There are 2 protein chains.
Amino acid sequence: MKSSVSPSSLRCSQCSLGKLCLPVGLDPGDMHRLEEIIESSKSYKQSESVYRAGDEFRKIYAVKSGLFETVATDANGNEHIIGFHLPGELFGLDAIYSGRYISTPVAVTSSVACSIEYSELSDLATKLPSLQNQLMCLMSKEVHSSHSGVGEYTAEQKIAGFILSLSMRYQQRGYSATRFQLLMPRKDIASYLSMAPETVSRMFRRLVSDGILEIHQTEVNIKDMDHLKAVTGHIPADRVFFSS
Amino acid sequence: MKSSVSPSSLRCSQCSLGKLCLPVGLDPGDMHRLEEIIESSKSYKQSESVYRAGDEFRKIYAVKSGLFETVATDANGNEHIIGFHLPGELFGLDAIYSGRYISTPVAVTSSVACSIEYSELSDLATKLPSLQNQLMCLMSKEVHSSHSGVGEYTAEQKIAGFILSLSMRYQQRGYSATRFQLLMPRKDIASYLSMAPETVSRMFRRLVSDGILEIHQTEVNIKDMDHLKAVTGHIPADRVFFSS
DNA sequence: CGAACAATTGAACCGATTCAAGATGCGTGG
DNA sequence: CCACGCATCTTGAATCGGTTCAATTGTTCG
């Protein structure tokens, strides 16, 4: 039996999301059926949580505007930021396995998100192979991103990599790659990167004094992208891989 | 439209794999159709690689026996171990997104793996909703595992968590949870945990002198599981989450 | 304007790395 | 079967990066 999905079509070259924050690459008819199961958007005030870790998994969410961060509590009761979710990105996908959400998404600023009942999405994916492929692609990307941060990095490399990751993700969603807002507090960046807030400050200062960045309050301006990439010394989450 | 997939059935309570190293939970007929697309097993000698980072993505692989580790090269040319794959576990899933493998799986000892053409699996999943669900579940588990290691941990916690993770994964596959072989060299454990090989030795020594472990060459014996869990101080990859 | 919180800066401390040396295990050949 | 050589693992001491603690500056908002 010849496969109906060619290898090249497996590649998810365009995972950026339309205004409905869902994968594109579907034909208009399929897209319409997808839109039908998307629930209406909901606004979240600052510090408001979408659901709580431990809640039963039912929906996945897409950020429409603002910023969400996911918080997980470890066995010792310490909270860790395990991810930031920019407009166009999804969260809740990691709950499929256990059937319960493993982290709590919190709105960093006033934000808007929409949701999709996973069981309905799953059903629809059965009927629309291209949607199924998009979903697998999204999940794979998550795995990819999780792994790309692995390794031994200095505090400077982690900060540079963090800024670079935000830059690429904003760019992919159609925003500027060189100017954007750092909406999350320093202590949350610190938690996400597993370092002290003081170190975050010091590394920002170093990157600024090296002429790589400009930072004024929450506003970031990347002055020397090449130099920034050189500092990271690792494979960014969204980097195209090359054969070695 | 009522969903045909109830929320409870979304939970992948039994992700352990049968002798064919693929998800169970399929009815016999479906299982048979799945078996048909599984390619014959292949043996790999020590240090032999299954594919290379950068190769075009076509297949996913399941470990039948032995041990594989995946190696990624960062932008500076440094190699990092980003994962170990025990019998019954899959690798190659992170390549769906980019269409190319991002890491090179290497046999740590003489090992056996089988493969499945992803396009055929993807096609079949369209026809078998339960298979699609199993695939999503597996991917979700990968994301889950990747996140669970996030956070600031001491060298001792990382080593304890590593041993605990292996223990749970071996147990899930029907092996002993307290006695198993540490087939990978210390330097690869060190790379995986982002620490110096010397520190791996020191931490093993500490856990042994605390009466938590016994280690003789590659043989590990967990003497005090509760104490081991207490030392980790984080949420192991396979731990059932609780609401806080 | 002033209070409360967030971010920055400085100095001492600590854990992990690095460098160097010694021990152990293992395959090979005498 | 033992001796040798190589690789891996272990152990010790000095160094370094990041944390911690403490104090200051900056920012936001009632």
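All figures in this text were calculated on a predicted structure; none of them were measured in a lab. So you know, we letter chains A, B, ... as the sequences are listed, proteins then strands, and number each from 1.
- Looking only at side-chain heavy atoms (C-beta outward), A:Q157 and A:T232 stay at 4.5 Å or farther from each other.
- Taking side-chain N and O atoms only, A:T199 has a distance below 4.0 Å to OP1 or OP2 of D:dT19.
- The shortest non-hydrogen separation linking A:Y101 to A:R58 is OH-N, 3.4 Å.
- A:E219 places its CD atom 15 Å from the P atom of D:dT27, with the value rounded to the nearest Å.
- Within the 6.0 Å centre-distance limit, the rings of A:F84 and A:Y192 are counted as a close aromatic pair.
- Rounded to a whole Å, the CE atom of B:M195 is 19 Å from the P atom of D:dG17.
- D:dC16 atom P lies 24 Å from atom OH of A:Y153, rounded to whole Å.
- A cation-pi contact, defined as under 6.0 Å to the ring centre and within 45° of the axis, is absent between A:K158 and A:F162.
- Nearest nucleotide to the B:E198 side chain, out of D:dG18, C:dA7, C:dC19: C:dC19.
- Between C:dT9, C:dT18, D:dC9, one nucleotide has an atom nearer to the side chain of A:R205 than all others, and that is C:dT9.
- The side chain of A:T154 sits closest to D:dG18 out of C:dT17, D:dG18, D:dT27.
- Using a 4.5 Å heavy-atom cutoff, the side chains of A:M195 and A:R202 are not in contact.
- For the pair B:R206 CZ and D:dG12 P, the interatomic distance rounds to 14 Å; values are reported in whole Å.
- Residues B:M184 and B:I81 form no side-chain contact, since every pair of their non-hydrogen atoms from C-beta on lies 4.5 Å or further apart.
- Nearest nucleotide to the A:M203 side chain, out of D:dG18, C:dA16, D:dT10: D:dG18.
- Between A:H80 and B:Y153, the ring-plane angle classifies as tilted under the 30° and 60° cut-offs.
- Here A:R202 lies in heavy-atom contact (under 4.0 Å) with a base.
- If you take CG of A:L182 and P of D:dT27, they are 16 Å apart, rounded to a whole angstrom.
- Going from atom CE of A:M184 over to atom P of C:dC5 covers 22 Å, rounded to whole Å.
- In this structure, A:I215 atom CD1 and C:dA6 atom C1' are separated by 15 Å, rounded to whole Å.
- Distance B:R186 CZ to C:dT24 P: 15 Å, rounded to the nearest Å.
- Residue B:Q217 places no side-chain atom within donor-acceptor reach of the base of D:dC9, judged by atom type and a 3.5 Å distance cut-off alone.
- Comparing the local axis fitted to the first five base pairs of the helix from C:dC1-D:dG30 to C:dG30-D:dC1 with the one fitted to its last five gives a bend of 40°, rounded to 10°.
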